[in-house]
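What follows is a short report on a single structure.
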There are 2 protein chains.
Amino acid sequence: MPDPQEKKPSRIQLRNRALILEAALDVFSVHGFRGATLDQIAEAAGLSKPNILYYFAGKEEIHVTLLNQLMETWLDPLVEMDANGDPLPELLAYVQRKLDMARDMPRESRLFAGEIITGAPHMLPHLKADLKPLFDEKCAVIQGWMDAGKLAPVDPRHLIFSIWSTTQHYADFAVQVGVLMQSDDAAPGADAYLHALFSNLLTPKT
Amino acid sequence: MPDPQEKKPSRIQLRNRALILEAALDVFSVHGFRGATLDQIAEAAGLSKPNILYYFAGKEEIHVTLLNQLMETWLDPLVEMDANGDPLPELLAYVQRKLDMARDMPRESRLFAGEIITGAPHMLPHLKADLKPLFDEKCAVIQGWMDAGKLAPVDPRHLIFSIWSTTQHYADFAVQVGVLMQSDDAAPGADAYLHALFSNLLTPKT
DNA sequence: TCACTTTTTGACCAATTGGTAAATACACGA
DNA sequence: TCGTGTATTTACCAATTGGTCAAAAAGTGA
């Protein structure tokens, strides 16, 4: 058994663990945890099932590893929103970062969505311990901006929900978007539209 | 075997089919098609597994029945948007109807989301055949309103996407919303926020 | 009440699934 | 080149899963 805690993982270990996680992301993001099978992951990774279980203790550990990996970057765009920056540009830049993230990591977005839809059995503790404080902090920052008259006053919580939902939509509902946009690429239009949506809402009315 | 096509279904048939669909909606909406089991559905319905298969030919038929049932009402709010109505109120009323729907039918919303995330294996034909034409038609209506100067000009397609995503978010991500709103009920605030969001965007700048 | 239909159940199956164990093949430093 | 730990595979298991079937039970109308 490889023990990632002690000893350096070998080149093969590094490569195969990455291979497995990549394949598992493909499978879990589409079928969810219960709907995915080790055989699917094995085939997608080009490894045998027992070989996969040589690198991970079980299906659940693969899933948890992916979620932990995701949690490290998922909140970055929000973390980067700077209380000392220019309010409106700061918020619009946050929207843009979330949109870029949905574009660059659609599988991760769907993995997250699936986890939440199923009741967040693995991530609920994380949501309460990490997301909630960050959410409250950033809501307070936004509220401060609004109190200072730098932004039009709206409920910061629903503002953030709407930023999450509108941006992630392009990843989570990509199939539907694809059908409706036909050959058109949704990407450029979404940028401009969301910019207009949120700057119209937040630009203070003098 | 009951044959719903011919003969009136008995009182027992009506009751048990409804019982099964209700239970299946609970289970499918949380675990998705592949992740749900007949045993779970049977237990939730309070019936034995073979008894369930007496009313439905198989797991898939239950799922398809639910999706078909959903498709009948899912697009209603958009259908009701009247080209002859007052543009801005008409659109805001659509937002409200979608929001009400997310509140009244959160399981159906999650069932739909799960189906799309997994690549819409069952609903893709429906999306292309029914949703696409409706979408195009309503986009044209909105575009007409904008051309007439009744609404601020934005891409109608992304406008509709944002209406869908913001409203459905309260159903699909209810767990997350619950954690972040704490004891607060999200409902009243969401109404006001989304009203402000879309009326600010769409009110024409004279 | 009785015959007949509908509904329900218990026992069962074959396929799939997550996982194991032992044997084998491989990589790599001495 | 050889020996030793690493990687991989082959052959399995036990549990779960979707589904079947015939018999029993419960309705139902005359």
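Chain letters run A, B, ... following the sequence lines, proteins first, then strands; residues in each count from 1.
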Counting only side-chain N and O atoms of [X], is one of them less than 4.0 Å from OP1 or OP2 of [N]?
X     : N      : result
A/R11 : C/dC28 : yes
B/R34 : C/dT17 : yes
B/Y54 : C/dT8  : no
A/N16 : D/dT8  : yes
A/Q13 : D/dA7  : yes
B/S48 : C/dT8  : no
B/N51 : C/dT9  : yes
A/R15 : C/dA27 : no

Specify the separation, in whole Å, of atom [atom1] of [X] and atom [atom2] of [N].
X     : N      : atom1 : atom2 : answer
A/K49 : D/dA11 : NZ    : C1'   : 12 Å
A/E60 : C/dG18 : CD    : P     : 12 Å
A/L38 : C/dA15 : CG    : P     : 21 Å
A/L19 : D/dA7  : CG    : P     : 14 Å
A/E43 : C/dG18 : CD    : P     : 14 Å
A/E61 : C/dT20 : CD    : P     : 12 Å
A/I20 : C/dG19 : CD1   : P     : 13 Å
A/I41 : C/dT17 : CD1   : C1'   : 12 Å

* Look at the side chain of A/D39 and decide which nucleotide, out of D/dA11, D/dT17, C/dG18, has an atom nearest to it. =>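 Looking only at heavy atoms from C-beta outward on A/D39, the closest nucleotide is C/dG18.
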* Nearest-nucleotide pick for B/Y55, side chain only, options being C/dG18, D/dA11, C/dT7 ->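 Within the option list, the nearest is C/dT7.
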* Asked: With no angle test and no hydrogens, is the base of D/dG19 tied to the side chain of B/K59 by a donor-acceptor pair under 3.5 Å?
  ->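 No such pair is found, so the answer is no.
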* To do: Please say whether more than 12 non-hydrogen atoms of neighbouring residues, nucleotides or ligands are located less than 6.0 Å from NZ in B/K132.
  =>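 Enclosed.
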* Asked: Any sub-3.5 Å donor-acceptor pair from A/E115's side-chain atoms to A/M123's backbone N or O?
  ->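 Flag set: sc A/E115 to bb A/M123 pair under 3.5 Å.
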* Please answer whether the main-chain N or O of A/Y55 pairs with a side-chain N or O of A/R17 as donor and acceptor at a distance below 3.5 Å. =>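 It does hold such a pair.
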* To do: Check step by step if salt bridge (charged side-chain N to carboxylate O under 4.0 Å, His left out) holds for A/K138 and A/E80.
  => CA-CA 10 Å; A/K138 295 303 181 180; A/E80 288 173 34; over 6 Å; no
* Select from B/I12 and B/F33 the residue whose nearest nucleotide in DNA chain D is closer to the 5' end of that strand. =>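 With B/I12 and B/F33 compared, the 5'-side residue is B/F33.
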* **Distance-only donor-acceptor check, side chains B/E60 and B/H122, under 3.5 Å** =>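 B/H122 and B/E60 do have a side-chain donor-acceptor pair below 3.5 Å.
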* To do: Would you indicate what B/L53 reaches in the nucleic acid, counting non-hydrogen atoms under 4.0 angstrom: base, sugar-phosphate, or nothing?
  =>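 Since a base atom lies under 4.0 Å of B/L53, the category is base.
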* Looking for any heavy atom pair under 4.0 Å, which part of the strands does B/A42 touch: base, sugar-phosphate only, or nothing? ->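 Nothing, no heavy atom under 4.0 Å.
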* A/F198/A/Y193 under ring pair (Phe, Tyr, Trp, His ring centres under 6.0 Å): CA gap, chis, key distance, verdict -> CA-CA 9 Å; A/F198 289 108; A/Y193 172 77; 8.6 Å; no
